[in-house]
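Following: one structure in structure tokens, then a few remarks.
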There are 2 protein chains.
Amino acid sequence: MDTTVVSARRKIEIYRANVGNGGLDNCPIRTVVQNISGKWSALLLMALAERPYRFGELRRLVPDISQRMLTQTLRDLQRDGYVNREVFPTKPPSVEYSLTDLGRSMYDSIEHLFHWAENNHQQVRAARVEFDAAGD
Amino acid sequence: MDTTVVSARRKIEIYRANVGNGGLDNCPIRTVVQNISGKWSALLLMALAERPYRFGELRRLVPDISQRMLTQTLRDLQRDGYVNREVFPTKPPSVEYSLTDLGRSMYDSIEHLFHWAENNHQQVRAARVEFDAAGD
DNA sequence: GTTGTTGCTCTCATTTTGAGACCAGCACTA
DNA sequence: TAGTGCTGGTCTCAAAATGAGAGCAACAAC
């Protein structure tokens with residue numbers, strides 16, 4: 001057995017054991033990844049990594065998100081501790097969302113993936129076209 | 001304006017311009033991220049990063065995935081060029097899935113996030129508990 | 001008083017996912 | 001020879017997530 005592979009295998013075994021116990025909520029990676037892998041999470045994290053935004057600003061920034069999903073995605077990110085929600089007593093009251101330290105720390109890691117995506121999206125797109133063509 | 005922030009802002013502006021054009025399929029990051037942010041994609045990539053797996057092996061490895069979603073997720077990953085699907089003419093025929101070079105390259109980037117998740121899942125979990133408690 | 005702005009929530013239609021039955025082809029077994 | 005199991009799927013139907021859009025309260029500006 002290759003040693004470079006042992007740690008990944010162990011993670012999976014731990015995962016399996018947890019599933020066997022009926023509690024897959026103990027798989028660390030899924031605990032975290034499931035909640036930032038929503039359709040809109042990455043986009044919102046990207047925006048908030050730039051600077052704090054108000055609700056309406058985010059809505060205008062990502063025009064194809066529904067208000068419902070914007071509310072819900074922000075609340076999920078807040079629940080996991082990535083995003084801070086602050087209400088300002090203006091009239092009408094405004095709400096500002098910003099990254100927490102935890103969120104910023106996580107963003108530093110997910111940013112690698114974003115950079116990869118920027119640099120390699122043509123290849124992905126090409127693969128997709130080829131696959132679809134072969135499927136005819 | 002802080003210079004460290006300019007590139008993120010530009011990406012978002014590019015994104016907005018594309019949306020304005022009616023084509024948000026040109027946003028590089030979404031093109032890539034949407035398809036690996038599925039519920040099961042990360043888990044399967046993790047497994048396949050370790051070594052190639054057969055369909056049934058993956059099924060046993062991730063017991064709480066339905067056969068239907070396993071098929072579909074693998075096909076999506078294959079379509080984007082991350083995963084190679086090879087049929088062996090055994091009886092009954094077996095199918096092996098493995099990471100392509102593109103998939104491995106992408107995995108190197110997403111792995112940062114997985115490591116972060118391993119190291120910080122307690123904090124996420126704690127934030128979640130606190131949020132839920134405050135919500136009473 | 002009419003309209004606009006804020007950040008939501010509620011309802012309902014559509015889409016995605018989950019659970020499980022079914023399938024073909026061959027091997028092994030009784 | 002009939003039964004059983006293994007392979008990697010697909011098909012159907014229920015459940016869950018999402019999208020589209022209306023409604024809402026309170027106050028400002030006109």
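A, B, ... follow the sequence lines: proteins, then strands. Residue 1 opens every chain.
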For atom [atom1] of [X] and atom [atom2] of [N], their distance in whole Å:
| X | N | atom1 | atom2 | answer |
| --- | --- | --- | --- | --- |
| E96(B) | dG9(D) | CD | P | 13 Å |
| K91(A) | dA29(D) | NZ | C1' | 15 Å |
| I65(B) | dT16(C) | CD1 | C1' | 14 Å |
| L58(A) | dG7(C) | CG | P | 9 Å |
| M69(A) | dC8(C) | CE | C1' | 15 Å |
| L70(A) | dA20(D) | CG | C1' | 15 Å |
| L74(A) | dT9(C) | CG | P | 11 Å |

Steps toward side-chain contact (heavy atoms from CB on, under 4.5 Å) verdict (V32(B), W116(A)): CA-CA 9 Å; V32(B) 172; W116(A) 187 92; 3.8 Å; yes
Side-chain donor/acceptor of S109(B) to backbone N/O of L113(A), under 3.5 Å: no
Taking only N and O in the side chain of [X], is any of them less than 4.0 Å away from OP1 or OP2 of [N]?
| X | N | answer |
| --- | --- | --- |
| R75(A) | dT9(C) | yes |
| R85(A) | dC8(C) | yes |
| Y53(A) | dG7(C) | no |
| Q67(A) | dG21(D) | no |
| R54(A) | dG7(C) | yes |
| K39(A) | dG19(D) | yes |
| W40(B) | dG18(C) | yes |

5' precedence on DNA chain D between Y97(B) and Q72(A) (nearest-nucleotide basis): Y97(B)
Pairwise side-chain contact, I65(A) with L43(A), heavy-atom cut-off 4.5 Å (strictly under): no
Member of N84(A), L77(A), L48(A) meeting the side chain to side chain contact (heavy atoms under 4.5 Å, CB included) criterion with Y97(A): L48(A)
Residue R68(A), side-chain atoms from C-beta onward, closest of dC11(D), dT6(C), dA20(D): dA20(D)
Given dG19(D), dT6(C), dC8(C), the nucleotide with the shortest approach to the side chain of T71(A): dC8(C)
Sugar-phosphate, base or nothing in reach of F88(B), heavy atoms under 4.0 Å: nothing
R79(A)/R75(A) under side-chain contact (heavy atoms from CB on, under 4.5 Å): CA gap, chis, key distance, verdict: CA-CA 6 Å; R79(A) 189 172 103 102; R75(A) 212 181 300 288; over 6 Å; no
